[in-house]
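Since the structure comes first, as structure tokens, the remarks are kept for the end.
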Amino acid sequence: MKKISLFFSASLLLIASSCVSVQVKDNKLSTTSTNKKPKNIILLIGDGMGLSQVSSSLFFNDQPSNFERFSTIGLIKTSSSSDVITDSAAGATAFSAGIKTYNGAIGMNKDTIPAPTLLEEVSKKGLSTGLIATSSIVHATPASFFAHVKKRRQYDDIAAFMPTSDVDFFAGGGQKFFNDRKDGRNLYSELEENGFQVYTDKLPTTLSEKKEAILLAENGMPKKIDGRGDFLPDATQLALKQLAQNKEGFFLMVEGSQIDWGGHSNDADYLIGELIDFDKTIGVALDFAKINEETLIIVTADHETGGFTLASDEGDYNKIKPTFSTGGHSSTMIPVFAKGPGAEHFKGIYENTEIYAKMKQLILE
Ligand code: MG
Ligand code: ZN
């Protein structure tokens, strides 16, 4: 009897200690990387992704959640200069340029002065840059990294920034803002004149020697539940292949744009489909960083959309009935997940503009 219990305690101890060693091994990266700086940054933005949206990856995914691969977590406050509840333009400009601005502003401060973006700043230092979205590439979130306009709906104006921008790789929707414009300009030719290879059919399987411009839908990309396939993880894979060729490093922003749209529509299936797709894309980034250890990964959101909750179904605590409280955005704090050199700086509760400040300090200073 004694022998058996001893055996049990010993094996329990063994299990416990093996858990501890796994923990230590996982934490080791962040401990040993305390004073290290990243060469590459991948910023993944789930538009409209609050904690309940993130939690969907635990309950509605047949794969393990990639969010659980992070051990450094923080929270951001997201109000804009004009409103308690931010929109995606002010939210993205906080990340791209480190400033609190008014709802609707793209890469501009509250006095409508263009603000330099991290993408532009790293490019000037010789790093490569990329933008990927499941919206059009001129939609508020990606636009805030390469364009400077007063109002987010100036899509033609935003697209006109792209040919001479500091972007080396982009993928998303938005063809009509490049080839069917009110001013008659053909931005496909302008992109080509500025060293881009333009793709409008599907993701290329091999990379050109040029910069890549990938526009696969007239406006936004199709919904995940309507057969978008693996565009987001695959485009991310492709971008990493291209950008990693630069020995100086790179900055890549990847947006799960339509998590927000599912929230606005109060459509749980739409939202969760987008969230799971974004989760898979996070996995692609984390797998890249496993091999390329000088890569810092940050996953966060501009704001929450829909007042989404994982409520019980009529009081049945074994059944989740996703529920919404608004067709708009909410002001809840937003989680930040970080992994890689410098990740420890993303702990705590801070303003959304700090994301820019921290990234800049780590990659440029
Ligand atoms: Mg967006
Ligand atoms: Zn929204």
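Just so you know, these numbers use all the heavy atoms, side chains as well, and skip hydrogens, waters and symmetry mates. We count ligands from 1, going down the list as the structure has it; atoms in each ligand are counted the same way. Counting from 1, the numbers follow the sequence of the chain as shown.
With 2.8 Å as the limit, D47 does not count as an N, O or S neighbour of the Zn ion (ligand 2). Here S257 fails the criterion, with no N, O or S atom under 2.8 Å of the Mg ion (ligand 1). Among the atoms of H329, an N, O or S atom falls under 2.8 Å from the Zn ion (ligand 2). With a cut-off of 2.8 Å, the Mg ion (ligand 1) has an N, O or S atom of D47 in range. Residue E255: an N/O/S atom is found under 2.8 Å from the Mg ion (ligand 1).
Within 6.0 Å of CD on E209 lie no more than 12 heavy atoms contributed by other residues, nucleotides or ligands.
Using modelled atom types, no side-chain atom of Y356 and backbone atom of T117 make a donor-acceptor pair closer than 3.5 Å. Not a single donor-acceptor pair under 3.5 Å links the side chain of E255 to the backbone N or O of I45.
With the Zn ion (ligand 2) at the apex, D260 OD1 and H264 NE2 define an angle of roughly 90° (rounded to 10 degrees).
We find that D180 and R185 are not joined by a salt bridge, their nearest charged nitrogen and carboxylate oxygen being 4.0 Å or further apart. Classification of K223 and D269 as a salt-bridged pair fails, no side-chain N sitting under 4.0 Å from a carboxylate O.
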